[in-house]
Amino acid sequence: MNVEKFCEFDFIKNNFLPLAPYGKSYKENFKLINSKTKLLEKYDLTDVVLDLKKINLLSMIK
Amino acid sequence: MKYHLKNIPYINSSKEPSDITDVFIYKKFINNYVFIKETLGKKNSRKFGFKQDYKEIFDFLNCDGVSDTFYISEKYNPQLAEVRKKISDISKKIDEKKNEFLNLIKEKTGLEIKNEFLVVDNENLKNEFQNYFFIDVYDSKRVLLKPKYSNEIIDLIRKREEYVSEEKKIESEVVAKIIEKLKNYLSFISDSITSIENLIAVASAELASKFNLTRPDINSKNIYIKKGVFIPLKEELAKNKIEYTPLDFEFTKNINIIKGSNMGGKTVVLKTVVLLQLMAQYGLFVSAEKFSTRLFDDIYVLFGDEELKGLSSFASEIYDFVEFYKNISKNVLVISDEFARTTNSFEASSLINAIISDFSERKNIYFFLATHLENISKFKNTDFLCMMGFDKKNMKS
């Protein structure tokens, strides 16, 4: 069975809203990443954006 | 930022720019890249890999002022200014001469021409029209009149066409020059696309903020979940003002048999585990206060393929299992919800025991099975877990 279907991943997908065309293509082609380095890079960058939001640089993201 | 992310165009970096449309797209890409880099600031832009300096090409492409559109500026070639002036002057002259003639037509015939032609009924056609118009059949009842411009006007129009083709030639040369310049930046563009791709983190962070997601820990041997949430269900329950009970557990063995009564939440546990693992391995934060896990090459849900028409549910489930088993050497998270539920309980338990016996000997398989069957044997590396059922303390009458 399709894993995304089993865990109703569409709900997450529908709330994941990248703006650039590159992000949209990433969203449509989610792939399981099994490289620790790649995943940690992604988590780090998400943390950077979350930090920017915290210090109210949110205006640049919203 | 949002504006520039939305506006940055898609570029196929393996294809060189070749025409004016490509120049326009590259300009739009560079402009938006530069603005995103500026917005992020020096320190943050470096974190996302924004290191390319486009100043020279940015200024070159925006020589008439910064804009996302592209116009072949006269600043690229002074001859362009000259020829455009000639086109403008001669166009004015042509318009003047045409208007003079059209006014004369109006005065002499009473006909007003607006779109270089006029359709009149045959019965209204007069002989004198031949002095001013070329006359063609339009249909059985009407004729088409086109102004008979003087040779002077025709010569002016021909001259203008010469100027226009001269303008096009210079424009092509300018575009070729710009394309050559852009080609020097192709490796920059390729790196810049990676930086823009990194900004997927903006969407990830938005998602994390919306659902209170946390950063997963992917260095664990076991799967540990503290207050894990299956978001789709939590959101559904919230609509009906029903409280959601998050999942707390540490799965320390490779084989996890989850038992419990029907409607006891076994499936939700499986779905939570899969959702958290999938989100983590898609590079997203997860819906748990704490989620520690290890990485898998694949996640497999044994359920039977609904597409396999002609097979019974049990047969398609077995077919699915056989397909999975062909690639069993991979490091896989395997999920099964009530495996063999459509066959008799004796056959089902025998099958499940055989599968667990096999899986328990493998270090690369992390297996979750929800079942209500009782006679499942205890193999090594296997945990039997039971859903807690009703929270009697909090039950209300």
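Below, chain A is the first sequence line, B the second, and so on; all start at residue 1. Only a predicted model underlies this, so the values are computations on that prediction, with no experimental measurement involved.
In this structure, B:Tyr3 has its ring center no closer than 6.0 Å to that of B:Phe35.
Between B:Phe29 and B:Tyr33, the angle of the ring planes stays under 30°, which puts this pair in the parallel group of the 30/60° scheme. Classified by interplanar angle (parallel below 30°, tilted 30° to 60°, perpendicular above 60°), the ring pair B:Tyr325/B:Phe321 is tilted.
With a threshold of 4.5 angstrom between heavy atoms, B:Phe230 approaches chain A through side-chain atoms but not through N, CA, C or O. Residue contact with chain A, scored on non-hydrogen atoms closer than 4.5 Å, is absent for B:Asn7. For B:Glu235, the part lying under 4.5 angstrom from a heavy atom of chain A is the side chain only. Looking at A:Tyr26, the atoms closer than 4.5 Å to chain B (heavy atoms on both sides) all sit in the side chain, from C-beta outward. Residue A:Asp10: no heavy atom, backbone or side chain, is found under 4.5 Å from chain B. Of the two parts of A:Lys31, only the backbone, made up of N, CA, C and O, holds a non-hydrogen atom closer than 4.5 Å to a non-hydrogen atom of chain B. Heavy atoms closer than 4.5 Å to chain A are found in both the backbone and the side chain of B:Leu5. Heavy atoms closer than 4.5 Å to chain B are found in the backbone of A:Leu17, but not in its side chain. Interface residue B:Leu284: backbone and side-chain heavy atoms are both found under 4.5 Å from chain A. Proximity to chain A (any heavy atom under 4.5 Å) is shown, for B:Pro216, by both the backbone and the side chain. Contact of B:Phe324 with chain A is not made at all, since no heavy-atom distance falls under 4.5 Å. Heavy atoms of A:Ser35 lying under 4.5 Å from chain B belong exclusively to its backbone.
Remark: the backbone N or O of B:Asp191 is paired with a side-chain donor or acceptor of B:Ser195 at under 3.5 angstrom. Side-chain N or O atoms of A:Tyr43 include one that pairs as donor or acceptor with a backbone N or O of B:Ala280 at under 3.5 Å. Although no hydrogens or angles enter the test, the distance criterion places a donor-acceptor pair under 3.5 Å between the side chain of B:Gln277 and the main chain of B:Arg294. Between the side chain of B:Asn364 and the main chain of B:Ser329, a donor-acceptor pair closer than 3.5 Å is present.
Looking at B:Lys47 and A:Asp44, no side-chain N of the basic residue comes within less than 4.0 Å of a carboxylate O on the acidic one, giving no salt bridge. Between A:Lys38 and A:Glu41, none of the side-chain N atoms (NZ, or NE/NH1/NH2) sits under 4.0 Å from a carboxylate O, so this pair counts as no salt bridge.
Heavy-atom pairs under 4.5 Å with chain A peak, among B:Thr267, B:Ile196, B:Ile193, at B:Ile193. Of the listed residues B:Gly41, B:Ala201, B:Pro9, B:Ser209, the one with more heavy-atom pairs under 4.5 angstrom with chain A than any other is B:Ala201. Put simply, of A:Gly23, A:Ser25, A:Ala20, the one with the most heavy-atom pairs under 4.5 Å next to chain B is A:Ala20. Chain A forms the most heavy-atom pairs under 4.5 Å with one residue out of B:Ile299, B:Asp337, B:Ile8, and that residue is B:Ile299. Each of B:Lys6, B:Lys210, B:Glu197, B:Lys271 has some count of heavy-atom pairs under 4.5 Å with chain A, and the biggest count is that of B:Lys271. Looking only at heavy-atom pairs under 4.5 Å with chain A, the residue among B:Ile335, B:Leu270, B:Leu199 that has the most is B:Leu270. Chosen from B:Val268, B:Asn331, B:Asn32, B:Asp297, the residue pairing most often with chain A at heavy-atom distances under 4.5 Å is B:Asp297.
For B:Asp217 and B:Tyr224, the side-chain atoms include no donor-acceptor pair closer than 3.5 Å. Looking only at atom types and distance, the side chain of B:Asn222 has no donor-acceptor partner in the side chain of B:Ser220 under 3.5 Å away.
Heavy-atom contacts from other residues, nucleotides or ligands closer than 6.0 Å to CG of B:Asn212 number 12 or fewer.
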